[in-house]
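Read the numbers this way: they start at 1 and go in the same order the structure lists the ligands and their atoms. Keep in mind that this is a model prediction, so the values were computed, not measured.
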Amino acid sequence: MATAFPIALPVVTPASRLTDSHGRVIHDLRVSITDRCNYKCIYCRTGEFGAQYPELAITDYLRLIKTFVSLGIEKVRLTGGEPLLRRGLIELIEELHCVRTPSGGQLDIALTTNGHLLDVLAAPLKAAGLNRVTVSMDAVDAPTFERITRVPGSFKKVVAGIRAARAAGLTPLKVNCVLMRGFNDGEIEGFAQFAREENVVVRFIEFMPLEEGRLWTPEIVVSLSEIVERINRVLPLTPLAPREASETARRYTFADGVGEIGIIAPVTQAFCGACSRIRLTSDGKIRTCLFSQVEHDLYGRMRAGENDEQLAAYIVHTVQGKEARHHIGEPDFLKPSRSMVHIGG
Ligand code: SAM
């Protein structure tokens, strides 16, 4: 459902910044280019393959992304669903590589993937202009991994994908692991070793209530403090200073300085006050928060013939209404209308 349009639209100049009503500057755009996925991770999907929402033409994503960039977006992360399934991805990255920010800088282009097709695609993605990749990997033990993805042979493919990405220079290479008690919390120490051996930044993510089914409970969440305590017992950690205010991960290195891990704790240590993100779904709706109850139909306006200035004004107006914070764990918490795979993680 789109929000009501204001009577007087803000004046948008090329140098405008996207700032919300809480004073946060928005410079990070996540774009889902499909909600199809070739994995059926047990904590994300109910088990059915298939798209639920329409996809836009690649040229339409490009036009919308350029409009966001004209307003001050500096970083674009392509996601899904599984973005490597999307035909036209390489061409989209080639085009984005030529886009300049209002200050003349290069757009930072990143991608989040399950890594299944990365062994083949890492080099072409790098050549097209992709800067960095984050691979989702929820276990370092092959049988545990494949129990989660529900795809036989997926572990070997993802490890090959990680190595191909590193060889192609898609670095620093991040590997994200969503921890869930009783599913993969036995993997914490193994991941700490994996970070060191494979020269990747492993980031543990607290499980959020964004699944298609109903799995989430407060008890299933493995908290930041528990993760730190468990790694410290086998490999003492040293905290690293944040590089920027909007950094979501608490970063640590090991006592000998080799390797890095990060912990993203949206549940137990929410970082909404420093949020710099906005999302565009595969069907062209703006979501101002993962947990938004409303969506804003940017593509609908484009299809109706609005020009770039009108679309920019709509984005500025929409960002103004960004939620102050999420309400996970509170009595008034409502799950969003879309689950993570259909929003774009
Ligand atoms: N297919 C790509 C991938 O696997 O990275 C991109 C989409 S996936 C939805 C993006 C990220 O969201 C993955 O790292 C996944 O583990 C994470 N994710 C999915 N459901 C989640 C949840 N309920 N809480 C926290 N992270 C979640």
Could you identify the single nearest non-hydrogen protein atom to atom 8 (S) of ligand 1 and state the distance to 0.1 Å? G80 O, 4.4 Å
Any idea which part of T113 is under 4.0 Å from ligand 1, heavy-atom wise: side chain, backbone, both or neither? backbone
For residues L130 and V200: do they belong to one hydrophobic cluster (side chain heavy atoms under 4.5 Å, members Ile, Leu, Val, Met, Phe, Trp, Tyr)? yes
Please report whether ligand 1 has a polar contact with G81, defined as an N or O pair separated by less than 3.5 Å (distance criterion only). yes
Should E206 be counted as touching ligand 1, given the test is an N or O pair under 3.5 Å? no
Which residue and atom name correspond to the protein heavy atom nearest atom 13 (C) of ligand 1, and how close is it? S136 OG, 3.1 Å
Quick test: of every protein heavy atom, which one is nearest to atom 10 (C) of ligand 1, and how far off is it to 0.1 Å? G345 CA, 3.7 Å
Show, in sequence, the C-alpha distance, side-chain angles and deciding distance for E212 and H342, and conclude whether the side chain to side chain donor-acceptor pair (under 3.5 Å) test is met. CA-CA 9 Å; E212 282 182 340; H342 304 294; 2.8 Å; yes
Using side-chain heavy atoms (C-beta onward) and a distance below 4.5 Å, is E211 in contact with S339? no
Could you tell me whether a side-chain N or O of R181 sits under 3.5 Å from a main-chain N or O of V221, the two making a donor and an acceptor? yes
Part of V178 within contact of ligand 1 (heavy atoms, under 4.0 Å): side chain
Provide, to 0.1 Å, the distance between atom 15 (C) of ligand 1 and the closest protein heavy atom, together with that atom's residue and name. Y43 OH, 3.6 Å
Just say parallel, tilted or perpendicular for the rings of Y314 and H317, cut-offs at 30° and 60°. tilted
re atom 12 (O) of ligand 1, the protein heavy-atom contact at minimum distance is M340 CE, 3.6 Å
Give the atoms of ligand 1, by number and element, whose distance to some non-hydrogen atom of F207 is under 4.0 Å. 22 (C), 23 (N), 24 (N)
Side-chain touch R24/S276, heavy atoms, less than 4.5 angstrom: no
Would you call D108-R132 a salt bridge at under 4.0 Å N-O? yes
Proximal ligand 1 atoms for T79, defined as those under 4.0 Å from one of its heavy atoms: 6 (C), 7 (C)
Report yes if some N/O of M208 lies less than 3.5 Å from some N/O of ligand 1; otherwise report no. yes
Min N/O separation T112 to ligand 1 under 3.5 Å: no
Between D28 and R77, does any NZ, NE, NH1 or NH2 come within less than 4.0 Å of an OD or OE carboxylate oxygen? no
Test: R251 and E260 ion pair at under 4.0 Å: yes
